Each structure stands twice: as C-alpha cells, then as structure tokens.
Amino acid sequence: MSCCTPDGSCSTNTATVEVAEGTTTVYNVSGMTCGHCKATLTKEIGALDSVLLVDVDVEAGRVSVTTSGEPDDALLAKVVDDAGYELTGRAA
C-alpha cells in the first residue's frame with residue numbers, strides 16, 4: 001500500500017504536536033469522582049493566565065499543571081476550592 005494519493009501528492013498522516021514548555025507541578029486534589037470533575041478542573045485551572053496545560057487523573061486524585069513560570073500554589077488552591085474540590089498540597 002502506498003502513502004501517495006492518486007494526484008501524486010504524499011499523505012503520511014503525520015501530525016505536528018506542540019509540546020508546552022514550562023514548569024509542571026503535580027497536586028493532590030480530593031473530592032474528584034468522575035469525568036465531570038475532570039472537565040470542571042481542566043476548564044477552571046486552564047483559564048488561569050500562566051497555565052499552559054492541565055492533566056487531571058481522577059482515579060489517582062492528582063492534577064498536573066504546567067505553567068509558564070513558577071506556579072502560584074495559593075491561586076491554584078483557591079481556584080480548586082472555588083470549584084468545589086480541595087487542593088491538599090503538592091504530590092511527593
């Protein structure tokens with residue numbers, strides 16, 4: 001099977017993925033139970049100016065946050081708490 005299309009162009013189905021440069025910090029968060037929790041925290045934390053990437057692991061009770069500089073733990077705790085969850089500290 002060829003990767004070339006009938007018009008002679010090449011289609012390898014490769015995609016460019018941009019990797020976020022920054023500082024990644026993992027936090028312990030209690031109160032998460034489902035996909036809605038994941039979506040809520042991803043949206044609320046992701047709305048912060050310095051946040052580049054948010055990865056929520058509901059089962060592990062952890063949220064990884066990649067920021068453009070040093071993370072503001074107090075601000076993140078407030079956002080998480082305001083969303084109805086509890087940021088209990090940085091993961092070890």
Side-chain angles (χ1 to χ4, degrees):
M1 180 174 198
S2 172
C3 68
C4 294
T5 62
D7 69 357
S9 63
C10 189
S11 173
T12 58
N13 291 329
T14 57
T16 302
V17 177
E18 288 189 37
V19 177
E21 296 281 334
T23 303
T24 300
T25 309
V26 181
Y27 297 94
N28 293 314
V29 176
S30 64
M32 300 184 299
T33 59
C34 64
H36 180 262
C37 300
K38 179 177 182 172
T40 298
L41 285 174
T42 299
K43 177 184 173 188
E44 295 300 322
I45 295 170
L48 296 173
D49 287 339
S50 63
V51 173
L52 303 172
L53 182 66
V54 179
D55 182 35
V56 178
D57 185 340
V58 173
E59 291 178 11
R62 293 191 172 177
V63 177
S64 298
V65 181
T66 302
T67 54
S68 58
E70 283 299 312
D72 184 341
D73 291 349
L75 178 58
L76 285 166
K78 180 179 178 355
V79 168
V80 170
D81 291 348
D82 287 351
Y85 308 94
E86 182 182 3
L87 190 149
T88 59
R90 289 188 181 197

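Source: prediction; values computed, not measured.
Legend: residues meeting side-chain contact (heavy atoms from CB on, under 4.5 Å) with T24, ordered by chain and number and at least two apart, are S64, T66. Contacts of D82 classified as salt bridge (charged side-chain N to carboxylate O under 4.0 Å, His left out), with partners at least two apart in sequence or in another chain: K78.
Heavy atoms only, all atoms of each residue included: G31 and C37 are closest at O-SG, 4.2 Å.
Interatomic distance, T23 OG1 to L52 CG, rounded to the nearest 0.5 Å: 9.0 Å. Going from atom CG of N28 over to atom CZ of R90 covers 11.5 Å, rounded to the nearest 0.5 Å. From D55, atom CG reaches atom OG1 of T42 across 7.5 Å, with rounding to the nearest 0.5 Å.
V65 belongs to a hydrophobic cluster with Y27, V29, M32, L41, I45, L48, V51, V54, V56, V58, V63, L75, L76, V79, V80, Y85, L87, counting contacts under 4.5 Å between side-chain heavy atoms of Ile, Leu, Val, Met, Phe, Trp and Tyr, direct or through other members.
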